[in-house]
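Below: the structure, in structure tokens.
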Amino acid sequence: MSSLQYYVSGVIFASTLLGVGAFNGYYEYYTATCHFNPNHLSDVEFIVTSWFNKDPYIRFNSTVGEFVGYTALGVKNAERFNKDPAVMAKWRGVKDRYCKINIPLEYNAILSKTVEPEVMLSMGRPPSGGHPAMLMCSAYNFYPKMIRVKWYRDDQEVTTGDVISTEELADGDWYYQMHSHLAFTPKAGEKISCSVEHASLKEPKELVWDSSMPEPERNKIAIGAAGLVLGLIVTAAGFIYYRTKARGRILVPSG
Ligand SMILES: *[C@@H]1O[C@H](CO)[C@@H](O)[C@H](O)[C@H]1NC(C)=O
């Protein structure tokens with residue numbers, strides 16, 4: 001089995017070739033990885049590691065140019081491989097044959113691409129016991145993974161623990177999403193905004209919270225007010241009815 005994967009962390013990219021064998025509950029596999037930085041495409045490091053369950057037992061590192069063993073078996077094989085010119089010629093050539101050919105292809109096809117996040121600002125339910133209000137700033141369908149979400153209250157960045165953000169969550173289709181929460185106590189006339197920085201954007205994307213009430217809230221208040229007025233009318237009518245009735249009852253025996 002072999003598959004190709006890409007890991008993006010900071011500016012170091014790695015593409016991995018994976019081989020797997022599983023027998024009787026044991027799991028043996030190897031990973032072959034090209035580590036590179038897109039700004040220095042000539043600095044490529046090729047690493048191939050053999051694993052048993054979760055432990056590496058032998059590794060070839062192109063920078064070192066030799067195998068290194070981590071278990072008795074690994075050490076024995078490393079000695080054997082390092083002495084064998086045919087094996088060494090094969091592994092020392094992989095960096096040029098595999099990494100140098102694939103990296104520009106992967107880079108141009110995928111890693112150099114960016115997709116702008118769709119950003120949304122919404123009201124959320126705050127955690128109990130803290131601030132009475134919470135805003136959520138969500139970024140959807142962006143690529144690559146690195147993104148930064150900041151909050152501003154009256155143009156002052158919020159750096160306190162009132163901000164809680166998720167990690168960048170992989171959608172499983174190359175795109176990512178991320179959510180950041182700001183718990184706060186509303187102040188009259190205050191401007192709250194969320195700002196998103198991403199490789200796809202020349203300028204940070206800024207969304208300003210409209211503190212005027214959102215539609216559903218307004219409707220709820222209107223329905224509540226109508227109910228209150230109706231309740232007052234019924235109560236008043238009942239009270240007037242009671243008073244007339246009561247007066248009538250008093251009138252009868254005295255009459
Ligand atoms: C490969 O070897 C170099 C030189 O010793 C080292 O700096 C690098 O971290 C090694 N890479 C891995 C993935 O072990």
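Start at 1 and go down the list; that is how both ligands and their atoms are numbered. Residue indices begin at 1 and follow the sequence shown.
Checked against a 6.0 Å centroid threshold, the rings of F184 and H131 do not count as neighbours. Taking the centre of each ring, Y241 and F239 stay at or above the 6.0 Å mark.
For atom 13 (C) of ligand 1, the closest non-hydrogen atom on the protein side is I47 CD1, 3.5 Å. What sits closest to atom 4 (C) of ligand 1 on the protein, heavy atoms only, is T63 CG2, 3.9 Å. The protein non-hydrogen atom at the shortest distance from atom 9 (O) of ligand 1 is E45 OE1, 4.7 Å. Of the protein's non-hydrogen atoms, the one nearest atom 6 (C) of ligand 1 is N61 ND2, 4.2 Å. Looking from atom 5 (O) of ligand 1 to the surrounding protein, the closest heavy atom is V64 CG2, 3.8 Å.
Y70 forms part of a hydrophobic cluster together with V68, judged by ILVMFWY side-chain heavy-atom separations under 4.5 Å. The other residues sharing a hydrophobic cluster with Y140 are M120, where clustering joins ILVMFWY side chains under 4.5 Å apart.
For H35, the closest heavy-atom approach to ligand 1 does not fall below 4.0 Å.
Residues H181 and M134 approach most closely at CD2-CE, 3.5 Å, considering heavy atoms.
S193 and E206 are linked by a side-chain donor-acceptor pair at a separation below 3.5 angstrom, with hydrogens and angles left out of the test.
Shown here, atom 11 (N) of ligand 1 is in close reach of the protein: a heavy atom of it lies under 4.0 Å off. Taking a distance limit of 4.0 Å, we find that atom 2 (O) of ligand 1 is approached by some protein heavy atom.
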